[in-house]
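The structure under discussion appears below in the form of structure tokens.
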Number of protein chains: 2
Amino acid sequence: MPHSDVLTFAILGILERSPLHGYQIRKRLGTELGPFRALSYGSLYPALKRMMTAGLIGMDADDLKVKGSRRSKIAYRLTDTGRNRLEQELANAGASSWEDGTFDVRFSMFDRTDPETRLRILEGRRTRLAERLEEAGAALRRVRDRHDAYTAELQRHGLETVEREVEWLDRLIEEERSALGGTETNSA
Amino acid sequence: MPHSDVLTFAILGILERSPLHGYQIRKRLGTELGPFRALSYGSLYPALKRMMTAGLIGMDADDLKVKGSRRSKIAYRLTDTGRNRLEQELANAGASSWEDGTFDVRFSMFDRTDPETRLRILEGRRTRLAERLEEAGAALRRVRDRHDAYTAELQRHGLETVEREVEWLDRLIEEERSALGGTETNSA
DNA sequence: TTCGTCATGTAATGGGTTACATGATTAC
DNA sequence: GTAATCATGTAACCCATTACATGACGAA
């Protein structure tokens, strides 16, 4: 029960702001995150169905009630259960918040996350990336000579990209710390 | 028949340098590309099996022949068919070379790719990224105000990352061009 | 002798995409 | 009237991961 999958969480976060049609949810997922992705309907609608079954969301059928039989636009909205689930997730700063496919989604809801949790998530992500950087760097030093110039360049660029992300996180962490007040929070 | 999947192509490229065990192939995939990935055996071995069936690779069973029944280390090597397929792929500068999950693999074999093809692939990738940048930027300008500071920052960072990749490509393209001689090659 | 790494494989499962099928509404 | 976009959904498929099962080899 504790934590749902990313997509469910993302949809919960989007629907909290206002009820939306499936179509609109998809667009929001595209512009709010990334903005380099477009979830297919083949993923979205089944997810909404699952969430209905789980009682996380409900629907306002616009004209479904008016005319007799026509299926039409459906506006989904959060139920109380869904809202509770979302709050529960927003308070959680565990590993699932730093992981690769999850961090962006989690970050996009920082405006609804309390400052301490934000900081812990940013620090978690930073630690994780720094670890990867170290492993990768070490592995690289061991085999450096076996690589041609292009492979080496590819790896250099890969490392550089991650290094930059770490710098970005450092900047955000610093901002969060100073907004929080002093030197109070300690990192693991 | 024309183009195989990325994994097949990557394995072909790795085995061309020398015959390897499945285990070693996996490690190479990890260090040569990225270096942020580790393919699972659940993907690797079935892929090798498919490639065997397709006649792209063959095996040197080390001690399989010596003792009677023991399954042991298997060194895979390219067959002539496999080598031909690889060459065919290496000459191809089509869209499948610029796509997201494919570009890295393709780039890692640039030492076995002729200069003109290299240039066309780099240009293709650059064009694709620049397009995405434009679309994303336009989409963003339209909805900017609807976003909170965190969402905006996430998008800013995403765009910046892609911009940097474009700069990286520009540098590589320039190098390839000057190595090629004059101003001869024309981009689409 | 036991621990870490090398080594090979299968079955169940998961999470996504594409292609298909359908139709309403809006702007030109 | 016709094209674009809005809008919903299913079925088939793809490609990967995780968990499981097995065992050899070298070093402490």
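All chains are named by letter (A, B, ...) in the order of the sequence lines, taking the proteins before the strands, and each is independently numbered beginning at 1. Values reported hereafter were calculated over all heavy atoms of this structure, with side chains retained and with hydrogens, waters and symmetry mates removed.
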Nearest whole Å is fine: how far is C/dG15 P from A/L29 CG? 16 Å

Distance, rounded to the nearest Å, where B/Y23 contributes OH and D/dG26 contributes C1': 14 Å

Are B/W168 and B/E163 linked by a side-chain donor-acceptor pair shorter than 3.5 Å? no

Interatomic distance, B/I25 CD1 vs C/dC6 P [rounded to whole Å]: 15 Å

Nearest whole Å is fine: how far is C/dA7 P from B/L44 CG? 13 Å

With a 4.5 Å limit on heavy-atom distance, are the side chains of A/T127 and A/E131 in contact? yes

Check: protein-nucleotides 10-16 of chain D nitrogen or oxygen pairs below 3.5 Å:
from	atom 1	to	atom 2	distance (Å)
D/dT10	OP1	A/K49	NZ	2.7

Option among B/R120, B/R118, B/R171 that satisfies the salt bridge (Lys or Arg N to Asp or Glu O under 4.0 Å) test with B/E176: B/R118

Atom CD1 of A/I11 and atom C1' of C/dG16: how far apart are they, to the nearest Å? 13 Å

CZ of A/R128 to CG of A/D100, rounded to nearest 0.5 Å, is 7.0 Å

Lys/Arg cation over aromatic A/F9: A/R106, 6.0 Å, 45° cone: no

Do the ring planes of B/F107 and A/Y150 sit parallel (below 30°), tilted (30 to 60°) or perpendicular (above 60°)? perpendicular

B/L29 vs B/L7 side-chain heavy atoms within contact, under 4.5 Å: yes

Interatomic distance, A/I74 CD1 vs C/dG23 P [rounded to whole Å]: 16 Å

Please give, in whole Å, the distance from D/dT5 C1' to A/H21 NE2? 15 Å

For C/dG23, take OP1 and OP2 only and decide whether either is under 4.0 Å from a side-chain N or O of A/K73. no

Should we say atom CD of B/E174 is surrounded by more than 12 heavy atoms from elsewhere, each under 6.0 Å from it? no

Side chain of A/R126, backbone of A/E165: donor and acceptor closer than 3.5 Å? no

Please give, in whole Å, the distance from C/dT8 P to B/M52 CE? 13 Å

Helical bend (five base pairs per end, nearest 10°) for the helix from C/dT1-D/dA28 to C/dC28-D/dG1: 30°

